[in-house]
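Notes to accompany the following structure.
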Amino acid sequence: MPARQYWLMKSEPEECSIDTLAQSVSQCLPWTGVRNYQARNFMRDAMQVGDGVLFYHSSCPQPGVAGLAEVASAAYLDATQFDPASPYFDARSQREAPRWLHVDVRFVRKTRLLGLAEMRAQPGLAGMTLLRPGNRLSITPVTPAEWQLILELLERT
DNA sequence: GCCAACGTTGGC
DNA sequence: GCCAACGTTGGC
């Protein structure tokens with residue numbers, strides 16, 4: 001069994017916040033809407049059930065880590081790609097060769113908001129993929145050391 | 001609303 | 001397969 005891995009997953013809280021996840025049925029939601037191949041490949045090729053997830057609020061007044069979650073399924077078909085009414089509809093994706101997949105993500109707990117500026121101020125997080133200039137990936141890997149440090153930071157008030 | 005960064009598209 | 005144009009992301 002492979003070692004547990006860690007990820008940071010961005011979500012716009014207006015669409016799906018850590019509270020949305022906490023209040024959903026069985027506190028578990030399909031991570032629909034990923035339309036970037038690199039992010040998809042992380043879900044398809046690397047994620048394992050039980051991997052740790054930092055739930056990150058993006059494109060909002062206070063961007064930052066807002067809670068913890070975990071990967072709850074293997075990657076499977078993202079049905080929104082075939083739904084013309086969905087904002088995630090992809091006319092180029094074909095039924096016989098679907099482009100987009102997603103995993104399910106399960107709520108673990110809410111945390112204090114660990115803001116971007118605070119993360120940038122941490123020498124131990126300087127190498128984080130999230131913090132790289134111009135990074136736009138909605139799913140990024142987190143190293144065990146980064147995960148450990150972030151958990152410690154989340155315990156501080 | 002601005003703008004930098006970067007992924008994707010499509011002509012050649 | 002190159003690369004310019006374009007669209008999107010996301011912090012500020």
Side-chain angles (χ1 to χ4, degrees), chain A residues 5-24 29-47 51-71 74-105 107-143 145-147 149-154 156-157:
Chain A
Q5 302 174 103
Y6 306 100
W7 309 93
L8 180 141
M9 298 175 81
K10 294 182 187 175
S11 182
E12 300 187 14
E14 282 201 6
E15 190 189 344
C16 178
S17 71
I18 188 73
D19 291 316
T20 313
L21 182 62
Q23 291 157 19
S24 64
L29 288 173
W31 203 260
T32 52
V34 170
R35 295 294 179 268
N36 169 284
Y37 290 107
Q38 228 182 316
R40 178 204 67 183
N41 293 348
F42 282 140
M43 291 196 285
R44 185 188 65 188
D45 304 331
M47 279 189 184
D51 280 0
V53 173
L54 300 171
F55 195 108
Y56 180 92
H57 286 175
S58 71
S59 293
C60 61
Q62 287 189 301
V65 174
L68 303 180
E70 65 182 16
V71 175
Y76 63 99
L77 184 82
D78 182 341
T80 61
Q81 67 195 300
F82 300 124
D83 176 5
S86 166
Y88 301 122
F89 178 63
D90 181 355
R92 294 160 172 273
S93 186
Q94 301 183 296
R95 292 262 176 201
E96 316 80 60
R99 287 185 173 186
W100 306 115
L101 306 167
H102 57 60
V103 298
D104 289 342
V105 170
F107 177 78
V108 173
R109 66 183 167 92
K110 255 186 104 164
T111 64
R112 76 176 177 95
L113 200 283
L114 175 59
L116 245 200
E118 194 179 345
M119 296 173 78
R120 287 194 194 284
Q122 283 293 325
L125 300 181
M128 266 192 99
T129 307
L130 171 78
L131 303 181
R132 283 212 297 251
N135 167 65
R136 290 172 6 194
L137 258 187
S138 64
I139 300 175
T140 52
V142 174
T143 68
E146 290 161 355
W147 173 268
L149 176 53
I150 287 170
L151 286 201
E152 286 167 21
L153 292 172
L154 289 171
R156 299 184 196 167
T157 48

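Letters A, B, ... are given to chains in the order of the sequence lines, protein chains preceding strands, and every chain is numbered from 1.
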Within this structure, what is the [atom1]-to-[atom2] distance between [X] and [N], rounded to whole angstrom?
{"X": "A:Gln62", "N": "C:dC12", "atom1": "CD", "atom2": "P", "answer": "12 Å"}
{"X": "A:Glu15", "N": "C:dT9", "atom1": "CD", "atom2": "P", "answer": "11 Å"}
{"X": "A:Asn135", "N": "C:dG11", "atom1": "CG", "atom2": "C1'", "answer": "12 Å"}
{"X": "A:Leu137", "N": "C:dT9", "atom1": "CG", "atom2": "C1'", "answer": "11 Å"}
{"X": "A:Arg120", "N": "C:dG10", "atom1": "CZ", "atom2": "P", "answer": "13 Å"}
{"X": "A:Arg132", "N": "C:dG10", "atom1": "CZ", "atom2": "C1'", "answer": "16 Å"}
{"X": "A:Tyr88", "N": "C:dT8", "atom1": "OH", "atom2": "C1'", "answer": "13 Å"}
{"X": "A:Met119", "N": "C:dG11", "atom1": "CE", "atom2": "C1'", "answer": "14 Å"}

Qualifying side-chain hydrogen bond (donor to acceptor under 3.5 Å, both in side chains) pairs, either residue in residues 30-41 of chain A, two or more places apart:
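Non-adjacent pairs meeting side-chain hydrogen bond (donor to acceptor under 3.5 Å, both in side chains): A:Arg35-A:Asp78, A:Arg35-A:Thr80, A:Tyr37-A:Arg99, A:Asn41-A:Arg44.
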Would you kindly say whether A:Tyr88 and A:Asp83 are connected by a side-chain donor-acceptor distance under 3.5 Å?
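No pair is found: no donor N or O on one side chain lies under 3.5 Å from an acceptor on the other.
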Can you name the residues that form a side-chain hydrogen bond (donor to acceptor under 3.5 Å, both in side chains) with A:Gln62, not counting sequence neighbours?
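Residues passing side-chain hydrogen bond (donor to acceptor under 3.5 Å, both in side chains) with A:Gln62: none at all.
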What pairs meet the salt bridge (charged side-chain N to carboxylate O under 4.0 Å, His left out) rule with one or both residues in residues 113-127 of chain A, with sequence neighbours excluded?
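Salt bridge (charged side-chain N to carboxylate O under 4.0 Å, His left out) check on residues 113-127 of chain A returns A:Arg112-A:Glu118.
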Which residues share a salt bridge (charged side-chain N to carboxylate O under 4.0 Å, His left out) with A:Arg132, sequence neighbours left out
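Residues passing salt bridge (charged side-chain N to carboxylate O under 4.0 Å, His left out) with A:Arg132: none at all.
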Could you pull out the protein-nucleic contacts involving nucleotides 1-7 of chain C (nitrogen or oxygen on both sides, under 3.5 Å)?
residue	atom	partner	partner atom	Å
C:dG7	N2	A:Arg136	NH1	3.2

Output the single nucleotide from B:dG10, C:dG10, C:dG11 whose closest atom is nearest the side chain of A:Lys10.
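Among B:dG10, C:dG10, C:dG11, the one nearest the side chain of A:Lys10 is C:dG10.
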Most 5' of A:Asn36 and A:Arg92 on DNA chain B, judged by nearest nucleotide:
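Nearest nucleotide further toward 5': that of A:Asn36.
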Residues in ring-ring contact (aromatic ring centres under 6.0 Å, His included) contact with A:Phe42, at least two apart in sequence or another chain
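A:Phe42 satisfies ring-ring contact (aromatic ring centres under 6.0 Å, His included) with A:Trp7 once adjacent residues are dropped.
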